[in-house]
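One structure below.
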Amino acid sequence: MAVTLADVATRAGVSAATVSRVLSGNYPVAGATRTRVLRAVEELQYVVNGPASALAAATSDLVGILVNDIADPFFGIIAGAVQSEMGEGPAGGTGGQKLAVVCNTGGSPESELTYLTHLQRQRAAAVVLTGGAVEDEEHGAAVAARLRRLAAGGTRIVLCGRPPLAPAAGEEGKGSPEGGAGDEPDEGDGIVTVAFDNRGGSRRLTEHLLSLGHRRIGYVAGPAHSTTTRHRLEGHRLALGEHSAGLLAQAEHFTVHGGDYDRSSGYDGALELLRRVPDLTAVVAANDTVALGICAALRDQGKHIPEDVSVAGFDDLPFSADASPALTTVRIPLHDAGARAGRLALGRETPPPGGVATVRVELMVRASTAVPAGRTD
């Protein structure tokens, strides 16, 4: 049974008129009262709907872009590319201009849900969620519910760099290129995904190191409970297992978990790897920023790159080619992916078959994994 305005009023202990005033935002309401009403709306998951609210249900010119950290080049490039599509109408005109608002979650699942609720109340024309998803069943269900409510209300939803939503109840048992069983979207939910081949890219990167003769390969993983972390680690271990059961058996000992996608995590992770495996010959990083921290730690320990230890990253962020030595990495075309997400969000590009497009990644071999003359493993 649909939740009504009267239900919200009863839960908040106010009149229906007061609820209407809070939701419209056009009348002054005491702060404590407003808080009670909004809490009731959230608890009951009330959404303005129906023919009588057709005007309120119409979408605005607002496009929300959710990022984990706008200071991280990974998110900054994607968000900038999405926003670059907002000011252009069809055929380069200006008739379809939208206002892009970047919502910085700081990696907080609670903030992600809060922003989605705000965007629903603002009747956003589109919402683009960027980067990996949090692997928590309760949070995932809450995000999926909000996104499907937004989509049902006319908001276009694009997931950029994260797996498709798990299917709604009764649609289990499907699979996807990025997420495995249960990650393929319900094709009728109107939610489009621009996925990154994190698993395949990581696999090719580790295969490259193995082809150079490396067998003692360390790995500094990203944040726990992140789909991106899991997929990249899975690709790494898939390559190890295909080469040798023994390499796969030692993989956990050669892996440092629980860091973040920042330099300090790379630095600390490299020190821990050297403590565990003093004679390691290569390190794969969760991303390029982590790789910079690894390089700094190795230098501080008197190691030369790549003469003593090779280092590889992921993403091909702008600084990667200018690092010293230049960083071997996996290139994700972040700007192109963000621009495509922007066009999909505005309905200017036809959605891909099944609602999912997987972005191709490319191995970029540079000096940080060059084989020095005379080295043997």
Pairing residues for [X] by the salt bridge (Lys or Arg N to Asp or Glu O under 4.0 Å) criterion, not counting sequence neighbours:
| X | result |
| --- | --- |
| Glu272 | Arg275, Arg276 |
| Arg237 | Glu252 |
| Glu137 | none |

For [Y], does its backbone N or O pair with a side-chain atom of [X] as donor and acceptor, under 3.5 Å?
| X | Y | result |
| --- | --- | --- |
| Asp260 | Pro223 | no |
| Arg36 | Val14 | no |
| Thr255 | Tyr219 | no |
| Ser320 | Leu317 | yes |
| Thr130 | Leu66 | yes |
| Arg203 | Leu238 | no |
| Thr227 | Ala133 | yes |
| Arg156 | Ala151 | no |

Calculate, to the nearest 0.5 Å, the distance between atoms [atom1] and [atom2] belonging to [X] and [Y] respectively.
| X | Y | atom1 | atom2 | result |
| --- | --- | --- | --- | --- |
| Tyr261 | Asp72 | OH | CG | 10.0 Å |
| Thr229 | Glu234 | OG1 | CD | 11.0 Å |
| Ile305 | Leu327 | CD1 | CG | 9.0 Å |
| Phe75 | Leu334 | CZ | CG | 10.0 Å |
| Phe196 | Asp315 | CZ | CG | 8.5 Å |
| His118 | Leu113 | NE2 | CG | 11.0 Å |

Using every non-hydrogen atom in the two residues, find where [X] and [Y] come nearest and quote the distance to one decimal.
| X | Y | result |
| --- | --- | --- |
| Leu44 | Val3 | O-CG2, 3.4 Å |
| Ala367 | Pro325 | CB-CB, 3.8 Å |
| Ala337 | Val359 | CB-CG2, 4.1 Å |
| Gly235 | Ser202 | C-OG, 4.0 Å |
| Thr193 | Arg162 | CG2-O, 3.2 Å |
| Ala285 | Val290 | CB-CG1, 3.9 Å |

Exercise. Using side-chain contact (heavy atoms from CB on, under 4.5 Å) as the criterion, point out the one residue from His225, Glu112, Glu110 that pairs with His139.
Key: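 Only one option passes, and that is Glu112.
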Got [X] and [Y] here, is their nearest side-chain heavy-atom distance under 4.5 Å?
| X | Y | value |
| --- | --- | --- |
| Val134 | Val143 | no |
| Val63 | Leu346 | yes |
| Glu207 | Leu363 | no |
| Pro318 | Ile77 | yes |
| His253 | Val277 | yes |
| His231 | Pro163 | yes |
| Val309 | Val283 | yes |
| Val284 | Phe314 | no |

Practice problem: Show the numbers, then the answer: is there a side chain to side chain contact (heavy atoms under 4.5 Å, CB included) between Val101 and Gln122? | Solution: CA-CA 12 Å; Val101 175; Gln122 294 297 319; over 6 Å; no
Quiz item: Is there a path from Val220 to Leu271 through hydrophobic residues (I, L, V, M, F, W, Y) whose side chains come within less than 4.5 Å of each other?
Solution: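 Val220 does not cluster with Leu271.
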Quiz item: Do Tyr267 and Leu280 sit in the same hydrophobic cluster, where Ile, Leu, Val, Met, Phe, Trp and Tyr count as joined when their side-chain heavy atoms come under 4.5 Å apart?
Solution: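 No; Leu280 is not reachable from Tyr267 via cluster members.
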Quiz prompt | Reference residue Thr206; test side-chain hydrogen bond (donor to acceptor under 3.5 Å, both in side chains); the match among His243, Glu242, His236 | solution =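 Going through His243, Glu242, His236 one by one, the side-chain hydrogen bond (donor to acceptor under 3.5 Å, both in side chains) with Thr206 is satisfied by His236 alone.
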Self-check item: For Thr329, the option from Asn287, Asp288, Thr369 that meets side-chain hydrogen bond (donor to acceptor under 3.5 Å, both in side chains)
Solution: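 Option passing the side-chain hydrogen bond (donor to acceptor under 3.5 Å, both in side chains) with Thr329: Asp288.
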Exercise. Begin with the C-alpha distance, continue with both residues' side-chain angles, and end with the deciding distance and a verdict on side chain to side chain contact (heavy atoms under 4.5 Å, CB included) for Gln250 and Leu247.
Key: CA-CA 5 Å; Gln250 71 182 19; Leu247 290 180; 3.5 Å; yes
Self-check item: Criterion side chain to side chain contact (heavy atoms under 4.5 Å, CB included) on Ser310 and Leu212, from CA distance to verdict
Solution: CA-CA 10 Å; Ser310 292; Leu212 297 177; 5.7 Å; no
Quiz item: Phe74: what forms a ring-ring contact (aromatic ring centres under 6.0 Å, His included) with it, not counting sequence neighbours?
Solution: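 Applying ring-ring contact (aromatic ring centres under 6.0 Å, His included) to Phe74 gives none.
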Exercise. For side chain to side chain contact (heavy atoms under 4.5 Å, CB included), just list the numbers for Arg148 and Leu165, CA-CA rounded to whole Å, side-chain angles, deciding distance to a tenth of an Å, and then say yes or no.
Key: CA-CA 10 Å; Arg148 289 189 171 106; Leu165 292 184; 4.0 Å; yes
Practice problem: Just grab all the salt bridge (Lys or Arg N to Asp or Glu O under 4.0 Å) pairs involving residues 359-368, residues at least two apart or on different chains. | Solution: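 Output for this query lists Asp316-Arg366.
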Quiz item: If you group Ile, Leu, Val, Met, Phe, Trp and Tyr whenever their side-chain heavy atoms sit less than 4.5 Å apart, what else falls in with Met364?
Solution: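 Listed partners: none, Met364 stands alone.
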Quiz item: Side chains of Thr10 and Asp7: donor-acceptor distance under 3.5 Å anywhere?
Solution: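 There is no such pair between these side chains.
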